Number of protein chains: 2
Amino acid sequence: MTVSATDIVESEAGEGRREKSKAANRQAILTAARRVFSQLGYDGATVRDIIRGTELASGTFYNYFKSKEEVFEALADDGARRFRPVLRAARENATCFEDYIYTAVHAYFTFLAEEHQSGGHPLKDRGPHVRSSTPEMLAVYEEVRDGVAEAIAKGVAPKVDPDYLAAASIGVAQEAGEVMLRQTPPDIDAATRFVADFILGGVQKAASR
Amino acid sequence: MTVSATDIVESEAGEGRREKSKAANRQAILTAARRVFSQLGYDGATVRDIIRGTELASGTFYNYFKSKEEVFEALADDGARRFRPVLRAARENATCFEDYIYTAVHAYFTFLAEEHQSGGHPLKDRGPHVRSSTPEMLAVYEEVRDGVAEAIAKGVAPKVDPDYLAAASIGVAQEAGEVMLRQTPPDIDAATRFVADFILGGVQKAASR
DNA sequence: AAGAAAGTTGACGGGCCGTCACGGCTGCGC
DNA sequence: GCGCAGCCGTGACGGCCCGTCAACTTTCTT
């Protein structure tokens, strides 16, 4: 085994041309997919539309994703992957349950507004709404449920079924989030106040039975 | 103009063969679509799959619906059309705001459990969730918002933004509904208690700011 | 340098899409 | 009853998208 020029480049860059190309292609597909989904909607988009948005050939697409659904999930996963740590931090830094909910909700709406503004939100007004449940999004759900369960265990939150509570909180946040996004510009703070209060009042009353 | 045998049949039945056939075809398509959607999922289903589930030719489909999306919406519309009067009745018969919410939520979960059990629920575990916003479903949304707005106007409900409140209530009910449906059998009463209390507590706290 | 491995390409068979010219059936007037 | 006009079901058709694959190019290894 000799040390070649390529080896030097590799050790400097940390990866060979092959790896770089793979990463670049994958990214190109994801970027094109983001644009295509937001323009044509999930239903209207085709795999061909996506690869036409890149320099690649149709066959190449299938080296990276099995279907348009899988690309969509990769995009959703991406969002969830960025959002989860934020949620986790909110949990760890919270001084009380109220604080936790407020911070988490605020983080969600901020995230939502950013995604929406960057045009990357893969939703279209026409056609059925589409939501996916990727592993990573399930992880967000679990993060919410665990955060809630922990608060209950610590006694700082009322005792309620964590599954129902997590579902209810996510439902409120999602629907209210859509209402918020209809405004221009979105009033994140108002939405946060409403939703956080709603959840806090809800959990309290649901527990009081 | 003579009175023929056909005329008699027509006047007795209220419609001729033509009308009957049209209604029957439309119904056949809807029935097949319901089955196909629940088996293959919205994404997996094709217009061809649907017409293959009938005795009709492919072209005939397009005499009744423009696309698979339109059939889906017709099905959703159907559900909404049956649900709305129930909601309206809940509003009109309610003795107080608590009663209204409780009754409406209970009606929704009952409806959901029925739809689910009859296998007609066009949802599949695989693939992205899909929800549509047909005129009739928007009408349900408006029914909720108006019910809420009326309660606020009457002073029996706290003052909050009806849009946010309606969205929040629908979100809670939808998500909690899915949690409920994961149980076998679904515990409608428990779900109703949780969701109704959650909404009532939420609206109270959200208004108190 | 040269072979091996990995990745890219675009053409291909198969299937679905939405349309449309055709023909049978319905309803209407006589 | 009869015959015609129009409605509507039919299925074949051109066009597009799907996922695959054998041939080719690029990268890596020795």
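By convention in this document, chain letters (A, B, ...) are assigned in the order of the sequence lines, proteins followed by strands, and residues within each chain are numbered from 1. Model, not experiment: these values are computed from the prediction.
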Next on the checklist: What is the separation between atom CD1 on Ile51(B) and atom C1' on dG11(D), rounded to the nearest whole Å?
Outcome noted: 10 Å

Next on the checklist: How many whole angstroms separate atom CD of Glu19(A) from atom P of dA6(C)?
Outcome noted: 12 Å

Checklist entry - Does Arg145(B) have any salt bridge (Lys or Arg N to Asp or Glu O under 4.0 Å) partners at least two apart in sequence or in another chain, and if so, which? => result Asp163(B)

Next on the checklist: Less than 4.0 angstrom between a side-chain N/O of Arg26(A) and OP1 or OP2 of dG7(C), yes or no?
Outcome noted: no

Item to check | Between C1' of dG19(D) and CD of Glu69(A), the distance in whole Å | outcome: 15 Å

Item to check | Close residues, residues 57-65 of chain A, relative to DNA chain D [heavy-atom separation under 4.0 Å] | outcome: Gly59(A), Tyr62(A)

Next on the checklist: Just N and O in the side chain of Asn25(A): are any of them under 4.0 Å from OP1 or OP2 of dG7(C)?
Outcome noted: no

Item to check | Residues Asp43(B) and Lys68(A) bridged, charged N to O under 4.0 Å | outcome: no

Item to check | Those residues that, when tested against Tyr100(B), pass ring-ring contact (aromatic ring centres under 6.0 Å, His included) (two or more places apart) | outcome: none

Next on the checklist: Using a heavy-atom cut-off of 4.0 Å across all strands, would you classify Ser67(B) as base, sugar-phosphate, or nothing?
Outcome noted: nothing

Checklist entry - ring-ring contact (aromatic ring centres under 6.0 Å, His included) with Tyr108(A): which residues, sequence neighbours excluded? => result Phe83(A)

Checklist entry - Atom NZ of Lys20(B) and atom C1' of dC25(C): how far apart are they, to the nearest Å? => result 16 Å

Next on the checklist: What is the separation between atom CZ on Arg52(A) and atom C1' on dC16(D), rounded to the nearest whole Å?
Outcome noted: 9 Å

Next on the checklist: Nearest 0.5 angstrom please: Tyr64(B) OH to Asn25(B) CG, how far?
Outcome noted: 4.0 Å

Checklist outcome for this item: In whole angstroms, the gap separating P of dT25(D) from CG of Leu56(A) amounts to 18 Å

Item to check | side-chain hydrogen bond (donor to acceptor under 3.5 Å, both in side chains) involving Arg48(B) - partner list, sequence neighbours excluded | outcome: none

Checklist outcome for this item: Sequence neighbours excluded, the answer for ring-ring contact (aromatic ring centres under 6.0 Å, His included) partners of Phe109(A) is none

Next on the checklist: On DNA chain C, compare the nucleotides closest to Lys68(B) and Arg48(A); which residue's is nearer the 5' end?
Outcome noted: Arg48(A)

Next on the checklist: How many whole angstroms separate atom NZ of Lys22(B) from atom C1' of dC8(D)?
Outcome noted: 9 Å

Item to check | Protein-nucleotide distance (Ile29(B), atom CD1; dC8(D), atom C1'), rounded to Å | outcome: 12 Å

